[in-house]
Amino acid sequence: MSAAISSLVSYGSDSDSENESESTASAAKVEADDSDATAHLRPLQSGPTVSLDVLNSAPEVAVKEAVETGIHLDPSLKEVSYNPTYETMFAPEFGPVNPYKTQQMAAPRNMLSGYAEPAHLNDFMFEQQRRTFSTYGYALDPSIDTHHVSSSSYIGAVDEAEKNKGLTVFESGTKKSEKRKKVKGGDAEEIDRFLGPWAKYADEKGVAKPSEDEQKELDEITAKRQKKGKNEEDAPAEEKTILHVKDMYDYQGRSYLYVPQDVGINLRSAEAPDKCYLPKKQIHIWSGHTKGVSAIRLFPSSGHLLLSCSMDCKIKLWEVYNERRCIRTFIGHSKAVRDICFNNSGTQFLSAAYDRYLKLWDSETGQCISRFTNRKVPYCVKFNPDEDKQNLFVAGMSDKKIVQWDIRTGEVVQEYDRHLGAVNTITFVDENRRFVSTSDDKSLRVWEWDIPVDFKYIAEPSMHSMPAVTLSPNGKWLACQSMDNQILIFGAQNRFRLNKKKVFKGHMVAGYACQVDFSPDMSYVVSGDADGKLNIWDWKTTKLYHRIKAHDKVCISALWHPHETSKVITCGWDGQIKLWD
C-alpha cells in the first residue's frame, strides 16, 4: 500500500514536473516570439541584464557623423543606412557626367583662367618680375623662397637668367665707368687726378667756337637763306589769262557776261520754278582741268555761266547754255585753289589758294585787280552780299581767324578771332546782318557784322566738324555737312537751333567737304559723297530718293540750277564737271 502510494506520488510529481517544464518552454517560446510586443507591459527591472533597446521601436541605424566630402545622396534612394548631415541632404543634385569635358576643363579651378595658388607678393615685386619677364623673358617663380635662389628658381628663359645672373630691369648689369671712380685715401696720384665732381672726363672734347671770320661767313649764309625763302614766299605768281572763244563781244558789243534771252527760260526773273523733278541722266561733261576740281559757283541771279577752281592752280569760266564752251582761263596761283566767290553783279570774283594769296579778278577781261595776304592759308572767302558793302569781304584762315578786308585800300579792317581751329565756312544769314562760321574745332559760331565777338556759340559733345554749309533758298535753314556721314539742319533765324527731325543720312562723306545744295522749290536736298555718287533726298520725309554714280573719284560739290526744274551740276576730284537732267 505504501509502495503504491509512493509510486502515485512520484508519477504525479513527474507529470507535474513535465507540465511545468512544458509550460515553461511554451512561455519561453512566446516570450521569445513576442518579447518586443509585450515589453511595454512588463515593469522595468533594474540590473545590468535589461537594455533600453527593447523599448526603441525604430529600426537599427548606424550613426555616421563624419561624411566624406564628395559623397552625395542619390535622389532615387529610398533607404539611408547612415545619418547624413544637413549639407549632404540639401546639396544640389548632380547631373549626368559631361562626356565632352576635357582634362583641362575637369581640372580644379578657382578663377576663369585656371587655378591660382595663393602667394604673397607686394606690388613692387610683382611689377619688377612682370617687366623683367616682358624684357628678358624670365622671372622668379613666386612659389619658391626668394632667399635661396638657384637656376631652377626661374621660369621662362632659364639660360638667359643664368647668363644675366638673374638681373631684373631695375638693376643695371654694366658696371659704372672707371672714369669717375670714387677716390680712396692713401693714393696721392688718384687725388691729384681728381678734379672735382663737375670736372670733364679725361677724353672729353669741348665744342670749339667758330672764329670771327667763320662766324661772319655763317651769318652771311644764314641771311641769304632767309632772304631767299622770304622772296620765294612773298613773290606772288604771275597772273595771266587765256580767252578760249573767238570773239569776246558779239555784233551788238555785248560780252559773255550778258544774260542770253534765247535759252527757253527767263534767266532774269527772280522767281524759282514751281515744281522740281529728279535728274535722271548726264547730258554734258565740261573737261579742261588736269587735276581735281575743288569748287564750282554759278553766275549770280542768272546762272548762265559757271566758274570752277581746281587743284591744277587754274580757274575756268564755262557756258551753261548753248555750246557750253570754256570761255576763259584765269592763271595766277602757284598752288591749288581752294575757294571762289562772285560779287553780286558777277563782274568780279575772289579766289583763295594754298599759296596764301587771295586775288580779286575781273570776270570780263581776266585781269587780276588786286592781291591780299596775311601769310596764312585762306580756306574760304565770301563777299558781303549787301549792295552798299560790295567793297568788303571776309576770309576764314588756317590760323583760326576770320579776316575782313577792304578792296579799296587793300587793308585788314577787322579780325574775328574766337575759333579754336581753322575756319572752314562763312555763310551770311538774316538779310546779311549776320554770318555763321564753322571750324575744325567742331563748333558753329554766329557773328554780327563788324562785331568781333560771337553772340551765339553752338558746340555739343556729339557734334563733328562741319566743313560745308549752305543756306536754303527761303533763307530759313542752314544745311551742314557733318563729318559723321549726315547732313544736319540748323534754323537760320533767331535761335539757330538744330532741327532733330531733319537729318539726312545714307551717304559716305567722312573726311571730305562735300558741298550741299537745295532745289529751288525746297523739295529736294542734293550732295556728293566720297564714292563719287550724287545723292538726292526728299526735304519733307528726309528719305534718300535717288543715287547716281557721277564721278570716278570724290564728288566734292553739287549745285541745283536756280532757274531749272531738274538741272544739277556736279564736280569731282577726277577733274570733270558734269551736267545732269
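None of the values given here were measured: they were computed from a predicted structure.
With W539 as the aromatic partner, K502 meets the cation-pi criteria of under 6.0 angstrom to the ring centre and within 45 degrees of the ring axis. With F428 as the aromatic partner, R434 does not meet the cation-pi criteria of under 6.0 angstrom to the ring centre and within 45 degrees of the ring axis. Taking the centre and axis of the six-membered ring of Y277, the NZ or CZ atom of K275 falls inside the cone set by 45° and 6.0 Å.
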Checklist entry - Does the pair V568 and L559 meet the rule for a side chain to side chain contact (heavy atoms under 4.5 Å, CB included), with working shown? => result CA-CA 6 Å; V568 176; L559 290 179; over 6 Å; no
Checklist entry - Going through the distances and angles, do S211 and D213 end up as a side chain to side chain donor-acceptor pair (under 3.5 Å)? => result CA-CA 6 Å; S211 63; D213 296 337; 5.3 Å; no
Checklist entry - Would V503 and T542 count as a side chain to side chain contact (heavy atoms under 4.5 Å, CB included) if you check the C-alpha gap in whole Å, the side-chain angles of each, and the deciding distance to 0.1 Å? => result CA-CA 7 Å; V503 178; T542 71; over 6 Å; no
Checklist entry - Is there a salt bridge (Lys or Arg N to Asp or Glu O under 4.0 Å) between R324 and E319 once you walk through the steps? => result CA-CA 4 Å; R324 301 192 175 103; E319 284 180 328; over 6 Å; no
Next on the checklist: I'd like to know whether R131 forms a salt bridge (Lys or Arg N to Asp or Glu O under 4.0 Å) with E127, so could you lay out the CA-CA distance, the side-chain angles of the two residues, the decisive distance to 0.1 Å, and finally the verdict.
Outcome noted: CA-CA 6 Å; R131 289 193 188 181; E127 190 63 21; 3.1 Å; yes
Checklist entry - Yes or no on side chain to side chain donor-acceptor pair (under 3.5 Å) for N344 and E387, after CA distance, side-chain angles and deciding distance? => result CA-CA 7 Å; N344 284 4; E387 286 298 336; 3.1 Å; yes
Item to check | Residue pair V436, L478: steps toward the side chain to side chain contact (heavy atoms under 4.5 Å, CB included) verdict | outcome: CA-CA 9 Å; V436 176; L478 284 168; 3.8 Å; yes
Checklist entry - Where do W286 and L306 land on the side chain to side chain contact (heavy atoms under 4.5 Å, CB included) test, with the steps shown first? => result CA-CA 10 Å; W286 289 284; L306 177 71; 4.2 Å; yes
Next on the checklist: Could you walk me through whether R338 and Y379 satisfy the side chain to side chain donor-acceptor pair (under 3.5 Å) test, starting with their C-alpha distance in whole Å, then the side-chain angles of each, then the deciding distance to 0.1 Å, before giving a yes or no?
Outcome noted: CA-CA 6 Å; R338 166 86 185 216; Y379 283 170; 5.5 Å; no
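Rounded to the nearest 0.5 angstrom, I242 CD1 and I327 CD1 are separated by 14.5 Å. Taking CG of D355 as the reference point, atom SG of C313 lies at 8.0 Å (rounded to 0.5 Å).
For the 3.5 Å distance criterion, the side chains of Q493 and D430 fail to qualify, holding no donor opposite an acceptor. Under 3.5 Å, the side chains of S527 and Q481 contain a donor-acceptor pair of N or O atoms. Side-chain contact of Y249 with R254: a donor-acceptor pair under 3.5 Å is absent, judged by distance alone. Under the 3.5 Å distance criterion, with hydrogens and angles disregarded, no donor-acceptor pair is assigned to the side chains of S398 and K376. Side-chain contact, T222 with D219: no donor N or O sits under 3.5 Å from an acceptor N or O. A donor-acceptor pair shorter than 3.5 Å can be found between the side chains of Y416 and Q404. Defined by atom type and a distance below 3.5 Å, a donor-acceptor pair is present between the side-chain atoms of D440 and N424. A donor-acceptor pair shorter than 3.5 Å cannot be found between the side chains of Q252 and D250. In the model, S310 has a side-chain atom that pairs as donor or acceptor with a side-chain atom of D312 under 3.5 Å.
When side chains are defined from C-beta on, T241 does not count as touching W361, because their heavy atoms never get closer than 4.5 Å. The closest side-chain heavy-atom distance from W477 to M522 is below 4.5 Å. A heavy-atom distance below 4.5 Å is found between the side chains of V554 and C514. Contact check for C276 versus P520: side-chain heavy atoms found under the 4.5 Å cut-off. Side chains of T365 and D362 form a contact here, defined as non-hydrogen atoms less than 4.5 Å apart. Put simply, the side chain of F490 reaches to within 4.5 Å of the side chain of M466, judged on heavy atoms. Side-chain contact between K400 and V423: absent, with no pair of heavy atoms (C-beta onward) separated by less than 4.5 Å. Put simply, the side chain of V394 does not reach to within 4.5 Å of the side chain of V381, judged on heavy atoms.
Separation of the W537 and H507 ring centroids falls under the 6.0 Å cut-off. Aromatic pair F383/F349: centroids not less than 6.0 angstrom apart. Aromatic pair F342/F299: centroids less than 6.0 angstrom apart. Aromatic rings from F124 and F170 are positioned such that their centres are separated by under 6.0 Å. Ring-centre distance between Y321 and H561: below the 6.0 Å cut-off. Aromatic rings of Y512 and W573 (six-membered ring for Trp) have centroids within the 6.0 Å cut-off, being under it.
With N384 contributing its side chain and L392 its backbone, the two residues share no donor-acceptor pair below 3.5 Å. Between the side chain of D454 and the backbone N or O of Y457 there is no donor-acceptor pair closer than 3.5 Å. Side chain of S439 to backbone of G421: a donor-acceptor contact under 3.5 angstrom is found. A donor-acceptor pair is defined here as one N or O able to donate and one able to accept, closer than 3.5 Å; such a pair exists between the side chain of D517 and the backbone of W560. Distance alone, capped at 3.5 Å, places no donor-acceptor pair between the T570 side chain and the A558 backbone. A donor-acceptor pair under 3.5 Å is formed between the side chain of S363 and the backbone N or O of G346. With hydrogens and angles disregarded, no donor-acceptor distance shorter than 3.5 Å links the side chain of H333 to the backbone of K359. Counting only distance, with no hydrogens or angles, the side chain of D529 and the backbone of K533 share a donor-acceptor pair below 3.5 Å. Checking side-chain atoms of R418 against main-chain N and O of P452 turns up no donor-acceptor pair under 3.5 Å. Looking only at distances, a side-chain donor or acceptor of S294 sits under 3.5 Å from a matching main-chain atom of V337.
Taking the six-membered ring where the residue is Trp, F435 and W447 present parallel rings, their angle staying beneath 30° rather than reaching 60°. Between W405 and F372, the ring planes are tilted. Angles from 30° to 60° get that label.
Using a 4.0 Å cut-off between a side-chain N of Lys or Arg and a carboxylate O of Asp or Glu, R433 and E448 do not qualify as a salt bridge. One finds no salt bridge joining D538 and K543 here, because no Lys/Arg side-chain nitrogen approaches an Asp/Glu carboxylate oxygen to under 4.0 Å. Ion pairing of R328 with E364 is absent here, as no side-chain N (NZ or NE/NH1/NH2) approaches a carboxylate O to less than 4.0 Å. Taking a cutoff of 4.0 Å between a charged side-chain nitrogen and a carboxylate oxygen, K216 and E212 do not qualify as a salt bridge.
M248 CE: more than 12 foreign heavy atoms inside a 6.0 Å radius. More than 12 heavy atoms of other residues, nucleotides or ligands lie within 6.0 Å of NZ in K549, so this atom counts as buried by the packing criterion.
When each of K442, H464, M463 is checked for a side chain to side chain contact (heavy atoms under 4.5 Å, CB included) with M483, only H464 meets the rule. Checking each of L298, V320, L257 against L305 for a side chain to side chain contact (heavy atoms under 4.5 Å, CB included) leaves exactly one that passes, namely L257.
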